[in-house]
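Data block below; observations after.
Below, all heavy atoms of this structure are taken into account, side chains as well, without hydrogens, waters or symmetry copies. A, B, ... follow the sequence lines: proteins, then strands. Residue 1 opens every chain.
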Amino acid sequence: MSDPYMPTAPQSSTELLQRCQALAGLTLGQIAATAGVTVPANLQRDKGWVGQLLEHTLGATAGSKAEPDFPTLGIELKTLPIDQSGKPLESTYVCVAPLTGVAGLQWQDSWVCQKLQHVLWLPILAERQIPLAQRMVGTGFLWQPSPTQLQLLQQDWEELMEQITLGGIANIRGAQGKVLQLRPKAANSKALTQAVGASGEPILTLPRGFYLKAGFTAAILQQHFNSV
DNA sequence: AAGTGATCATTA
DNA sequence: TAATGATCACTT
């Protein structure tokens, strides 16, 4: 299957932003039609569809590589489902959590820190009652964490990673962390990966991922749209 | 209603 | 299996 429309990579953050502005106000149905993509009836079996459609349309490098969506710009694209009042409907996945060999890993060298250095947020009005094709794309914007935000993230990250290092992963739940949480990130509850047990022994556990809590992304949206 | 834990598709 | 893209759906 070949797409009739194959965007090229944006050459600058300005160009990327301009492409976003051209999408603002369009529905996912319109964007999909331009891309020559069929809109699924719902996201139940296509949970990543929206993100992949926008990646494609904006000219991001496709694939499951562990690098930013726009490698030459160092920018990560995140779609953000919101309700009518502009509040995020979901937490935002950041990256998988390393569970072994992490002793001595510093915040500055962590995947979380690197991924969040420069994010293109793309809000999408995505209340469940709205059919997928009619959901509207909002105004995307570039964000870099403020010193305060960075500190909050670092604190949560260090606390979670210390627990992982000390073999306390079994005790970590999603409620922990003010802005960053650790939750399962797997095909199902039977998928296993290696981690460190309470006595330092190797154990098998559910793969985990780091997520930004909705309150944190809500603050990012407010901070941006209040200053515009 | 919110928030956590569970799950789905796809590509290496 | 592990990485990418996330939302679903049950519990609280």
*asked:* Can you tell me which residue among A/Trp143, A/Trp121, A/Phe141 is in a ring pair (Phe, Tyr, Trp, His ring centres under 6.0 Å) with A/His224?
replied: A/Phe141
Just to be sure I understand the rule, does [X] reach a base, reach only the sugar-phosphate, or reach nothing, if contact means heavy atoms closer than 4.0 Å?
X	value
A/Gln176	nothing
A/Arg45	sugar-phosphate
A/Gly51	sugar-phosphate
A/Arg173	sugar-phosphate
A/Ala186	base
A/Thr79	sugar-phosphate

*Mind checking the CD-CG spacing from A/Gln11 to A/Leu16? Nearest 0.5 Å is all I need.*
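So the CD of A/Gln11 and the CG of A/Leu16 are separated by 11.0 Å.
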_Rounded interatomic separation in angstrom, taking NZ from A/Lys185 and P from C/dT7_ =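 Taking NZ of A/Lys185 and P of C/dT7, I get 11 Å after rounding.
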*For the pair A/Asp46 (side chain) and A/Trp49 (backbone), establish whether a donor and an acceptor sit closer than 3.5 Å, ignoring hydrogens and angles.*
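Side chain of A/Asp46 to backbone of A/Trp49, a donor-acceptor pair under 3.5 Å: no, none is there.
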_From C-beta outward on A/Pro81, which listed nucleotide comes closest to its side chain: B/dT7, C/dT7, C/dG5?_
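Per side-chain heavy atoms of A/Pro81, the pick is C/dT7.
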*asked:* Which nucleotide wins on minimum distance to the side chain of A/Glu90, given the candidates C/dT7, C/dA2, B/dC8?
replied: C/dT7
_When you compare the side chains of A/Ser91 and A/Arg183, does any donor N or O come within less than 3.5 Å of an acceptor on the partner?_
yes
*Below 3.5 Å, does any donor atom in the side chain of A/Tyr211 face an acceptor in the base of C/dA6, or the other way round?*
yes
*Comparing A/Gln52 and A/Leu206 on DNA chain B - which has the more 5′ nearest nucleotide*: A/Leu206
